[in-house]
There are 2 protein chains.
Amino acid sequence: MTSDVHASHAVSLKKNQKLVHDVLMTAENPLSAYSILDLLREEGFRAPLQVYRALDKLVEFGLVHKLESLNAFVACSHQECSHEEPAVFMICNQCESVRELGDTGLDNHLGKLAKKQDFALKHTTVELHGQCSKCT
Amino acid sequence: MTSDVHASHAVSLKKNQKLVHDVLMTAENPLSAYSILDLLREEGFRAPLQVYRALDKLVEFGLVHKLESLNAFVACSHQECSHEEPAVFMICNQCESVRELGDTGLDNHLGKLAKKQDFALKHTTVELHGQCSKCT
DNA sequence: AAATGAAATGTAATAACATAACATTTTTCA
DNA sequence: TGAAAAATGTTATGTTATTACATTTCATTT
Ligand SMILES: [Zn+2]
Ligand SMILES: [Zn+2]
Ligand SMILES: [Zn+2]
Ligand SMILES: [Zn+2]
């Protein structure tokens with residue numbers, strides 16, 4: 001079972017990982033772990049851990065991102081182009097839509113900022129809240 | 001009862017707000033709401049809401065920030081200079097120390113990015129995880 | 001000073017998010 | 001095929017946050 005998702009490295013998703021990934025790919029908006037659990041009851045999911053374990057792996061693979069300010073998860077929207085962290089998320093407070101953007105300039109900026117502080121940067125969380133174009 | 005905190009606008013903190021703010025000012029590291037609750041048991045705190053309500057106000061006043069990636073809170077470290085949002089937080093994964101930085105260049109960058117997407121930016125969350133200089 | 005309304009507080013119950021611990025099954029690969 | 005590693009199933013528990021409702025404090029107006 002080998003679905004090549006991120007162009008760079010093919011990933012073999014297990015049953016639960018595939019189910020959770022599919023739910024997130026289909027969803028319009030970010031989903032909480034418990035929403036995912038409810039959506040997968042029919043598929044046999046019974047407990048939160050089934051969701052969280054799948055999410056852990058998907059995040060590790062770079063196929064899913066956690067939105068820290070929402071306690072929710074989204075499928076990475078850069079599945080075709082081998083996308084490199086980090087990303088920026090624009091989250092609409094009204095319709096809850098999320099747009100994921102790569103921004104090399106920003107990455108450089110944050111990299112310099114970290115270096116200036118002798119900070120060994122490992123992971124960035126950049127989440128912008130406001131109103132999307134449709135809601136304005 | 002009028003403590004002028006942020007130089008710009010004096011704020012009158014109520015009893016519980018003052019207690020929570022003092023705890024956060026004293027703390028070395030970010031604190032969860034429940035840690036704060038435990039630290040204030042002696043002062044008569046009995047329930048989470050007493051903490052969360054005080055935190056809500058303190059965040060509204062700009063005296064405290066929530067670290068979304070930790071579900072924890074820190075006192076704003078720019079109390080003398082009337083500091084304007086947004087800020088960048090560098091969070092050490094090892095010692096849990098947090099450094100809050102202002103960065104006009106970054107603010108401009110994020111502003112432009114939002115504008116380019118017709119996104120009405122209201123609030124930014126920028127949290128960098130890694131190792132601080134002391135832990136390297 | 002008394003009346004009033006708004007803000008803050010007290011308390012209990014519950015909701016929402018996440019992990020620990022342990023048993024079992026499936027997958028990988030030598 | 002047999003052993004080790006990874007994934008899964010299940011129960012219980014831990015952690016973070018809010019709802020609902022009663023009471024008190026505080027500022028403002030009369
Ligand atoms: Zn992505
Ligand atoms: Zn919107
Ligand atoms: Zn600040
Ligand atoms: Zn450190």
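Reminder, nothing fancy here: chain letters follow the sequence lines and each chain counts from 1. Note: hydrogens, waters and symmetry copies are ignored here, and every other heavy atom, side chains too, is used.
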Testing the 3.5 Å rule here: is there a donor-acceptor pair between the side chains of B/H129 and B/S69? yes

Between the axis at one end of the helix from C/dA1-D/dT30 to C/dA30-D/dT1 and the axis at the other (five pairs apiece), what's the angle to 10 degrees? 40°

Distance alone, cut at 3.5 Å: any donor-acceptor contact between the side chains of A/S133 and A/T136? no

Side-chain N or O of A/K57 versus OP1/OP2 of D/dA7: is the shortest distance under 4.0 Å? yes

Whether the B/H109 and A/D103 side chains hold a donor-acceptor pair (N or O, under 3.5 Å, no angle test) is what I'd like checked. yes

Can you tell me if B/E60 has over 12 outside heavy atoms packed within less than 6.0 Å of its CD? yes

Indicate whether the side chain of A/T125 and that of A/E68 have a donor and an acceptor atom separated by less than 3.5 Å. no

So which heavy atom on A/T26 is nearest to which on A/D22, and how close? OG1-O, 2.8 Å

Measure CD/B/E43 against C1'/C/dT9 and give the value in whole Å, please. 16 Å

What's the closest nucleotide to the side chain of A/Y52 if the choices are C/dT28, C/dA18, D/dT8? C/dA18

Whole-Å distance separating the CG atom of A/D56 from the P atom of D/dT8: 12 Å

B/K14 side chain near C/dG10 phosphate (N/O to OP1/OP2, under 4.0 Å): no

Could you give the NZ-to-C1' distance, from A/K18 to C/dT26, as a whole number of Å? 18 Å

Provide, to the nearest angstrom, the distance between the CD1 atom belonging to B/I36 and the P atom belonging to D/dT15. 16 Å

Rounded to whole angstrom units, what separation is found between the CG atom of B/L55 and the P atom of D/dA17? 9 Å

Are OP1 or OP2 of C/dA18 and a side-chain N or O of A/K66 less than 4.0 angstrom apart? yes

Closest approach to the side chain of A/Y34, judged atom by atom: which nucleotide of C/dC17, D/dG9, D/dA7 is it? C/dC17

Please report the distance, rounded to the nearest Å, between CG in A/L37 and P in C/dC17. 11 Å

Return all side-chain donor-acceptor pairs below 3.5 angstrom for residues 42-53 of chain B, not counting sequence neighbours, or 'none' if the list is empty.
{"residue": "B/Q50", "atom": "OE1", "partner": "B/R46", "partner atom": "N", "Å": "2.6"}
{"residue": "B/Q50", "atom": "OE1", "partner": "B/A47", "partner atom": "N", "Å": "3.0"}

Give me, pair by pair, the N or O atoms of the protein and of nucleotides 21-25 of chain D that are less than 3.5 Å apart, along with how far apart they are.
none

Is there a side-chain contact between A/V74 and A/F89, using heavy atoms and a 4.5 Å cut-off? yes

Out of C/dT11, D/dG9, C/dA18, whichever nucleotide has its closest atom nearest the side chain of B/Q50: C/dT11

Proximity to the side chain of B/A47 - top-ranked nucleotide from D/dT16, D/dT11, C/dT11: C/dT11

Using whole Å, report how far CG of B/L13 lies from C1' of C/dT9. 15 Å

For B/L19 and C/dA8, give me the distance from atom CG to atom P, rounded to whole Å. 15 Å

Considering the options A/L55, A/L39, A/L63, which one meets the side chain to side chain contact (heavy atoms under 4.5 Å, CB included) requirement together with A/L24? A/L55

Looking only at C/dT11, D/dT16, C/dT19, the nucleotide nearest the B/R46 side chain is C/dT11

Looking only at heavy atoms, the pair that brings A/A54 and A/N16 closest together is CB-O, 3.9 Å

Between B/Q17 and B/N71, whichever has its closest DNA chain C nucleotide further toward 5' is B/Q17

